[in-house]
Each structure stands twice: as structure tokens, then as C-alpha cells.
Amino acid sequence: MPSRPPASRPSGRPRSAAADTAILEATRAALVDLGWSRLTLSDVATRAGVAKTTLYRRWAGKNELVVDAVAVLFDELELPDRGSLAADVEGVVRQFAAILDRPETKTALMAVVAEATRDAPLRERIRTSIVERQKRLVVEGRARAAARGELPDEPDAGAAGRAADLIFDVVAGAVVHRTLVSGQPADAEWARAFTRLLLDGLAGV
């Protein structure tokens, strides 16, 4: 029986998850210390303890790097199962507000959004890397609420997608405005009042 040729291996050195984590953490720390205008990939590489070429292999430039550094923070969001749609929404709102309250999140998010006002590709990266990824919370929440009988099923996929977009915009917009623009706490009382307002509107969405 002829022997099989050895399995082919991908060329190049495998990507290190530990290096990625160190780079993204260093990016957020550098933003807090230096601000957007003074942040350089060279400084991030030094802080992360990696070669500059490691960064350039992974990210085309500062914009992409900062978006990814912010995106992983929001990946920590989870929709808690607290027994009711209202309690679930309050839980995720409080989580979201807590993430936004971190100095590294505030600095990074405000900087990248400001830069995106004049950079269309950066806006698209924010949309795909942050916004689209977190819409999963809305989809999961509506499905869970429908299973409980709290919301009607939505058989039309297009309508469900449009509703998810709207719900996400309302929740994210309100929490970002409360914490980063108004500078007020999104505490338990605020989250409860906001949730009541949202759920009254959801009855018609």
C-alpha cells in the first residue's frame, strides 16, 4: 500500500492568541496614557513586548487596531437569564454601562468614534466589528422572550432583522448617551425606568 504524503501545513508562523491579547491590552492602556493623536504602533509594540512587525502582520494601521481593542471589551457582554424579559434587559444594560465606565473603554470608544466622522472605512469597521457582533444579544433576547410567551414570534426574517436593528440602536444609543455624553450613572434605578419605557414600545415592534 503506498504511503500517504505528509499533511500540508500552513506557511508562516501560527498566530499567537497571547500576543493578540497583550497587544490589545497595550493599545487600550496607551490610549488612556497618550490619547489618540500621540498613540503609535511602535509604542503599542513596546508596551506589549512584541516586535513592530507582529503588529503590522495583524493590523493595517492604528484605526483597525483601536477598533479591535474596543470590540473585545464588548464581547464580554452576555444576556443573563433572569426569568423575565424586563430583568434580562436590565441586566445587560447594567453590564453595558459598567464596560463603558472603564477608563480604557471611554477613551478608546470616544477616540475612534470621533475619528470615524471623517473616515468611512473606519465607520464600516466599527459597524462590522462592534455593532453587528453585539446585535446577537437582541436576537437572543427576543427569541428567549418569545419562548416564554412575553413577545410574539416574528415569522418574517426581514421584519425581525429590522426590529433587531432598531432595538439595538435604541438600547446602545441610550446607554452611550447616558454614560459618555451626559456623564450620568446608568444605575439600577435608571436601568429599570429605561427598561419599562423600552418594553412599552416593544409591544408594537
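The residue from T27, I126, V44 that alone fulfils the side-chain contact (heavy atoms from CB on, under 4.5 Å) condition with V66 is T27. K62 pairs with exactly one of L39, L31, T40 by the side-chain contact (heavy atoms from CB on, under 4.5 Å) rule, that one being L39.
When all heavy atoms of A172 and F96 are compared, the closest pair comes out as CA-CE2, 3.6 Å. Here the closest heavy-atom approach between residue I99 and residue E76 is recorded as CD1-CB, 4.3 Å. Nearest heavy atoms, G91 versus P80: CA-CG, 3.9 Å. The heavy-atom pair separating R102 from L73 by the smallest distance is NH1-CD2, 3.4 Å. Of all the heavy atoms in A19 and R58, the pair that sits closest is CB-NH2, 4.1 Å. Of all heavy-atom pairs spanning A71 and S129, the tightest one is CB-O, 3.5 Å.
Taking the side-chain hydrogen bond (donor to acceptor under 3.5 Å, both in side chains) definition, one finds that Q134 meets it with D75, R136, sequence neighbours left out. Judged as a ring pair (Phe, Tyr, Trp, His ring centres under 6.0 Å), and not counting sequence neighbours, the contacts of W190 are F194.
By the 4.5 Å heavy-atom criterion applied to side chains, V112 and N63 are not counted as neighbours. Side-chain atoms of R28 and V72, non-hydrogen and from C-beta on, do get closer than 4.5 Å to each other. Using a 4.5 Å cut-off on side-chain heavy atoms (C-beta onward), R144 and D81 make contact.
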Legend entry - Audit row: D101, R94, salt bridge (Lys or Arg N to Asp or Glu O under 4.0 Å) steps and yes/no: CA-CA 10 Å; D101 197 45; R94 295 295 304 281; over 6 Å; no
ask   = Hey, mind stepping through D33 and R47 against salt bridge (Lys or Arg N to Asp or Glu O under 4.0 Å) and telling me if it holds?
value = CA-CA 12 Å; D33 293 344; R47 289 171 183 255; 3.0 Å; yes
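Under a 4.0 Å N-O distance rule, the pair R125/D68 qualifies as a salt bridge. At a threshold of 4.0 Å, the pair D119-R123 does not count as salt-bridged, since none of the basic side-chain nitrogens sits closer than that to a carboxylate oxygen.
With a 6.0 Å radius and a threshold of 12 heavy atoms from other residues, nucleotides or ligands, E78 has its CD atom at or below the threshold.
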